[in-house]
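Quick note: numbers below take in every heavy atom, side chains included, and nothing from hydrogens, waters or symmetry partners. Quick caveat, the model's predicted, so the values are computed rather than measured.
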Amino acid sequence: MPVPKKRQGHSDQGHRRACWKAVIPEISKCPNCGAVRHPHTMCGACGFYRDRIVRDLAVAEETFELDDNE
């Protein structure tokens, strides 16, 4: 198994990690209901994505309630 010849110092570690950044996630508004959501994802409030219904949330809630009662 290969073993490094010399130990890397703290400075080398800092140079390696110089490009690590904390990125604030992008936020956009749903054009249908105005709720806050991530871009390129379905709106969790109304179920719309790109001006069409992807998931009917009313049907999903009814299904969840039926499963919850069992």
Side-chain angles (χ1 to χ4, degrees):
M1 184 170 189
V3 178
K5 284 195 174 190
K6 291 188 178 180
R7 181 174 182 233
Q8 288 185 340
H10 297 289
S11 177
D12 291 328
Q13 177 180 350
H15 287 294
R16 255 196 335 272
R17 295 181 181 169
C19 294
W20 291 12
K21 298 174 188 155
V23 179
I24 298 172
E26 295 292 327
I27 295 175
S28 61
K29 287 189 176 182
C30 175
N32 186 46
C33 68
V36 178
R37 64 177 180 86
H38 293 289
H40 306 288
T41 57
M42 176 194 77
C43 177
C46 64
F48 267 68
Y49 179 67
R50 289 192 170 187
D51 301 328
R52 60 190 157 114
I53 295 178
V54 177
R55 176 179 288 169
D56 191 5
L57 296 179
V59 173
E61 288 177 4
E62 290 175 5
T63 306
F64 179 74
E65 289 174 2
L66 291 176
D67 292 340
D68 193 31
N69 291 334
E70 292 179 356

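In this structure, the separation between NE2 on His38 and CD1 on Ile27 is 6.5 Å, given to the nearest 0.5 Å. Between the CE atom of Met42 and the CZ atom of Arg52 there is a distance of 12.0 Å, given to the nearest 0.5 Å. One distance of note links NE2 of His15 with CD of Gln8; it measures 11.0 Å at 0.5 Å rounding.
In this structure, Arg16 places its CZ atom where more than 12 heavy-atom neighbours from other residues, nucleotides or ligands lie under 6.0 Å away. Remark: Gln13 CD is packed, more than 12 non-hydrogen atoms of other residues, nucleotides or ligands lying under 6.0 Å away.
The shortest heavy-atom contact between Pro31 and Arg37 is CD-NH2, 4.0 Å. Taking every heavy atom of both residues into account, Cys33 and Cys43 meet most closely at SG-SG, 3.7 Å.
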#### Entry: side chain to side chain contact (heavy atoms under 4.5 Å, CB included) evaluation trace for Phe48 with Val54
CA-CA 6 Å; Phe48 267 68; Val54 177; over 6 Å; no
